[in-house]
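Reading through the structure tokens given below for one structure.
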Number of protein chains: 2
Amino acid sequence: MVEDSTLRSPGRRLTKQRRLILRILESRRDHPGALEILEEAKKVQPSISLGTVYRNLKVLAEQGVIKEISTLGEGSRFDAQPVPHSHLVCRRCGKVIDVPFDLSETLDAEVSKQTGYLSVSHALTFYGVCPDCATEAERKRGWATERDEKSEEG
Amino acid sequence: MVEDSTLRSPGRRLTKQRRLILRILESRRDHPGALEILEEAKKVQPSISLGTVYRNLKVLAEQGVIKEISTLGEGSRFDAQPVPHSHLVCRRCGKVIDVPFDLSETLDAEVSKQTGYLSVSHALTFYGVCPDCATEAERKRGWATERDEKSEEG
DNA sequence: GTCTAAATTGATAGAGGTTCTCAATTATTT
DNA sequence: AAATAATTGAGAACCTCTATCAATTTAGAC
């Protein structure tokens with residue numbers, strides 16, 4: 001659990017909304033999106049708005065206490081787990097699961113040094129089709145192609 | 001250059017628009033977005049539409065001949081270079097440059113085996129602030145913070 | 001504790017990127 | 001050449017996310 005002191009920096013004020021959003025994220029392992037976070041936050045503070053959720057996710061990511069995960073088209077998911085790891089995103093439903101493997105963070109400094117880019121971080125993301133989204137034909141073949149589901153409809 | 005035969009598969013027809021879009025992408029090393037591709041495509045075929053560009057980029061990515069790069073908020077960029085490598089994306093302007101380093105593709109099969117996900121691929125993406133976007137203060141410090149530019153405005 | 005300045009909130013409008021719809025066209029199969 | 005189905009072009013629609021702004025709340029000074 002990230003301490004309040006970590007969340008307070010010059011020009012930044014720690015509101016109960018921001019702390020709530022972080023706590024929700026810390027308590028979950030399912031990488032929720034902004035809407036799901038909003039839903040859970042409303043159980044505690046019904047007046048909270050979507051804009052506040054987005055703004056705070058952005059601030060928390062800037063502070064480095066959470067990570068944004070790109071799903072390539074389903075809206076970002078977020079992760080507040082402290083142990084570095086990578087993600088496996090379903091190409092069809094956007095679901096995200098953890099992969100217990102990541103690159104050394106010293107690589108970020110190395111890339112920064114070689115390119116002149118500042119504040120370098122990285123994301124190692126795998127993309128695939130999850131068992132729930134794969135069709136029978138795809139499972140049999142062990143390979144997902146795009147239009148199998150269409151031919152199975154009829 | 002990817003051969004036409006590679007682009008023809010059951011239930012798929014190779015149009016001149018699709019080939020054009022791929023050729024444009026193959027000829028460039030600057031990771032254009034859909035709009036930039038549209039712009040260049042119009043020089044050859046002025047009637048081509050944005051929807052066609054998006055549809056074909058999606059198909060080509062499904063066929064595995066191009067890669068979609070997530071910029072986390074600036075719209076996807078695309079890459080048709082054959083040699084595996086990773087990307088460094090500027091958090092402020094979305095510009096993408098190559099990083100000549102990537103993971104072994106055997107890792108994809110490994111992840112697939114362990115998780116049951118099909119068609120697993122991966123993206124190793126670095127995020128940072130490019131020299132053009134970094135402020136003087138950030139460059140001096142060697143570290144980009146979020147609101148330095150604000151305090152420099154006045 | 002009270003006061004002040006500035007960050008943040010909630011509500012909602014707006015922007016940007018991407019997808020959908022559908023009639024017309026075009027690539028492939030027979 | 002004809003039939004079949006994928007693809008196109010045009011534009012509306014969609015969805016995620018950001019901007020705006022008055023009202024509120026936090027952090028620091030007194």
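For clarity, every value in this text was computed on a predicted model and none was experimentally measured. Numbered from 1 within each chain, the chains take letters A, B, ... in sequence-line order.
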Heavy atoms of B/Pro131 and A/Thr115 approach each other most closely as CG-O, 4.3 Å
Between [options], which nucleotide has the shortest distance from any of its atoms to the side chain of [X]?
| X | options | result |
| --- | --- | --- |
| A/Lys58 | D/dT18, D/dT7, C/dT18 | D/dT18 |
| B/Thr15 | D/dC17, D/dT26, D/dT7 | D/dT7 |
| B/Arg13 | D/dT8, D/dT4, C/dT8 | D/dT4 |
| B/Gln17 | C/dA27, D/dG9, C/dT18 | D/dG9 |
| A/Arg55 | D/dG9, D/dC17, C/dT9 | C/dT9 |

Just checking, is any N or O donor in the side chain of A/Gln45 or A/Ser47 under 3.5 Å from an acceptor N or O on the other one? yes
Looking only at side-chain N and O atoms, does A/Thr52 offer a donor or acceptor that is under 3.5 Å from a partner on A/Arg55? yes
Mind checking [X] for me? I need base, sugar-phosphate or nothing, with any heavy atom below 4.0 Å counting as a touch.
| X | answer |
| --- | --- |
| B/Glu68 | nothing |
| B/Leu50 | base |
| A/Arg8 | sugar-phosphate |

Rounded to the Å, how far apart are [X] [atom1] and [N] [atom2]?
| X | N | atom1 | atom2 | value |
| --- | --- | --- | --- | --- |
| B/Arg77 | C/dT18 | CZ | C1' | 16 Å |
| B/Arg19 | C/dA27 | CZ | C1' | 11 Å |
| B/Leu72 | C/dG17 | CG | P | 15 Å |
| A/Ile69 | D/dT16 | CD1 | P | 16 Å |
| A/Glu36 | D/dC17 | CD | P | 11 Å |
| A/Leu7 | C/dA7 | CG | P | 18 Å |
| B/Arg18 | C/dT25 | CZ | P | 20 Å |
| B/Leu38 | C/dT18 | CG | C1' | 13 Å |

Salt-bridge test for A/Asp4 and A/Lys16: reply yes if a basic N is under 4.0 Å from a carboxylate O, no otherwise. no
Have a look at the helix from C/dG1-D/dC30 to C/dT30-D/dA1 and give the angle its two end axes make, five pairs each, rounded to 10 degrees. 50°
For a quick test of reading the model: is some side-chain N or O of [X] closer than 4.0 Å to OP1 or OP2 of [N]?
| X | N | answer |
| --- | --- | --- |
| B/Ser49 | D/dT8 | no |
| B/Lys16 | C/dA27 | yes |
| B/Arg12 | D/dT7 | yes |
| A/Ser76 | D/dC17 | yes |
| A/Tyr54 | D/dT18 | no |

Quick one: does B/Arg77's side chain have a donor or acceptor within less than 3.5 Å of a partner on B/Glu68's backbone? no
Looking only at atom types and distance, does a side-chain atom of A/Ser86 sit under 3.5 Å from a main-chain N or O of A/Phe101, one as donor and one as acceptor? yes
Of A/Gln45 and B/Leu35, whose nearest nucleotide on DNA chain C comes first from the 5' end? A/Gln45
Going by side-chain hydrogen bond (donor to acceptor under 3.5 Å, both in side chains), B/His87 matches just one of B/Thr125, B/Thr71, B/Asp79. Which one? B/Asp79
Would you give the length of the straight line joining atom CD1 of B/Ile24 to atom CD of B/Glu39, rounded to the nearest 0.5 angstrom? 10.5 Å
